[in-house]
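Predicted model only: the values in this text are computed from it and were never measured. Numbering of ligands and ligand atoms starts at 1, following listing order.
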Amino acid sequence: MPRTDRPRILTGDQPTGRLHIGHWVGTLENRVRLQDEYDCYFLIANMHAFTTRAAEPEAIRRDTLDLVKDWLAAGIDPERSTLVLQTEIPAIAELTWFLAMLLPVNRVLRNPTLRAELEAKGLGDSYSFGFPLYTVGQCADILAFRAELVPVGADQVAHVEMCREVARRFAHVYCGVAPTTPDADYERAGGVFPVPEAMVGRVGRLVGIDGVRKMSKTMDNAIYLSDTTAQIRAKVARLHTGRQATTDPGDIANPLFQYVRAFLTDPDRIRTLEDRYARGDAIGDGSIKAEVAAAIDALVAPIRERRAAYDGARGDAAILELLRAHTARANQVANRTAELARAAMKLDFARPG
Ligand code: ATP
Ligand code: MG
């Protein structure tokens with residue numbers, strides 16, 4: 001059992017496909033690193049996967065298991081951290097309702113990340129009612145675990161901001177906490193929830209291999225943590241820079257150089273490449289791409305190897321067993337939160353807090 005006297009982290013991913021190197025630099029590497037310092041809860045947002053794929057339950061189930069396999073392979077340690085399967089935590093659904101009452105509908109629809117996702121996913125006007133609701137559900141995910149820190153990529157900061165707002169509002173309306181209370185003091189002042197903070201990784205938004213959009217599981221522009229060496233090479237080679245000759249001065253703000261800075265590990269080498277590229281000092285894109293691909297391969301090779309251990313039916317069975325055990329652990333915390341919230345809302349009729 002993990003030690004529970006540390007501050008809590010809650011963060012997670014949607015089971016919409018395999019994890020990629022954008023996840024690594026945006027949040028996963030922080031999660032792996034913070035497992036000793038924090039009591040960590042890592043959530044599989046399988047309910048949210050239904051917002052866009054309601055008719056694909058089997059695919060969502062498969063992606064749920066795949067996501068956990070990717071996590072374990074990447075270094076999430078089930079001895080120290082707790083895996084949270086969203087649909088097994090009734091308190092999250094209950095809190096989603098409570099919080100939805102405290103958020104004006106226009107506030108939810110104005111969320112810039114929500115708007116960007118609607119556009120990027122081509123959902124137009126035909127998205128489900130559940131789609132914008134997921135942003136409220138995400139507030140409930142975080143608050144159900146009374147988390148203080150939320151390691152995420154830059155696109156999620158707007159969601160965490162909404163969560164902070166609703167955490168404060170709950171405290172003002174139901175817990176008698178004064179609006180002038182500093183964020184760090186909400187629990188001490190009698191609030192049920194801490195006001196959580198986002199922590200953005202070392203690259204908040206890694207661009208995809210299309211060179212334009214955020215690398216995403218669902219945009220066909222990702223280098224996956226499970227890709228082979230050959231796949232990685234081929235994908236990096238596809239990055240377009242528009243450069244013609246090895247003596248053309250290059251733009252070190254381009255996507256290729258974002259990858260150089262994100263994945264090469266030697267700072268001197270990065271500086272040398274930037275300097276030579278900017279001057280067009282007889283340096284070809286091909287050789288830089290080969291270096292980037294090798295660096296990415298070195299990062300994902302051990303992950304890929306550990307991941308292979310979970311292939312097949314035995315791997316699936318092991319993951320299901322783990323999820324069962326962790327669900328019990330997670331519900332202990334989340335049920336307690338729901339009790340506290342119900343008591344604050346004068347709803348402790350049958351189940352006093
Ligand atoms: P989808 O296409 O289904 O939205 P995704 O690739 O955007 O998938 P999410 O599950 O939405 O992945 O995000 C999981 C976490 O990874 C979030 O904290 C998000 O901010 C972070 N993240 C996702 N993509 C990137 C990226 N390209 N760069 C940095 N962080 C990222
Ligand atoms: Mg996303």
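Val195 and Val136 are members of different hydrophobic clusters when ILVMFWY side chains are connected at heavy-atom separations under 4.5 Å. Under a hydrophobic clustering in which Ile, Leu, Val, Met, Phe, Trp and Tyr are joined whenever their side-chain heavy atoms come within less than 4.5 Å, directly or via other members, Tyr134 and Ile92 fall into different clusters.
For the pair Arg329 and Tyr41, the cation-pi criterion (under 6.0 Å, within 45° of the ring axis) is not fulfilled.
Listed by number with element, the atoms of ligand 1 under 4.0 Å from a non-hydrogen atom of Val203 are 29 (C). Remark: ligand 1 atoms within the under-4.0 Å shell around heavy atoms of Ser216 are 2 (O), 6 (O), 7 (O). Atoms of ligand 1 found under 4.0 Å from any heavy atom of Gly26 (numbered from 1 in listed order, with element): 29 (C), 30 (N). Remark: ligand 1 atoms within the under-4.0 Å shell around heavy atoms of Gln14 are 10 (O). Atoms of ligand 1 lying under 4.0 Å from at least one heavy atom of Val152, given by number and element, are 18 (O). Against a heavy-atom cut-off of under 4.0 Å, Met215 is close to the following atoms of ligand 1: 24 (N), 25 (C), 26 (C), 27 (N). Close contacts between ligand 1 and Gly204 involve ligand atoms 28 (N), 29 (C), 30 (N) [criterion: under 4.0 Å to a heavy atom]. Near Thr27, meaning under 4.0 Å from any of its heavy atoms, are these atoms of ligand 1: 15 (C), 16 (O), 18 (O), 21 (C).
Closest to atom 8 (O) of ligand 1 among all protein heavy atoms lies Lys217 NZ, 3.1 Å. Considering only non-hydrogen protein atoms, atom 22 (N) of ligand 1 sits nearest to His23 CD2, 3.9 Å. Counting protein heavy atoms only, atom 17 (C) of ligand 1 is closest to Gln156 CG, 3.7 Å.
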Problem - Check against side chain to side chain contact (heavy atoms under 4.5 Å, CB included), Phe170 and Met101 - result: CA-CA 10 Å; Phe170 190 97; Met101 309 308 172; over 6 Å; no
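For the residues Thr218, Leu206, Asp155, the heavy atom positioned nearest atom 20 (O) of ligand 1 is part of Asp155.
Using a 4.5 Å cut-off on side-chain heavy atoms (C-beta onward), Thr16 and Arg53 make contact.
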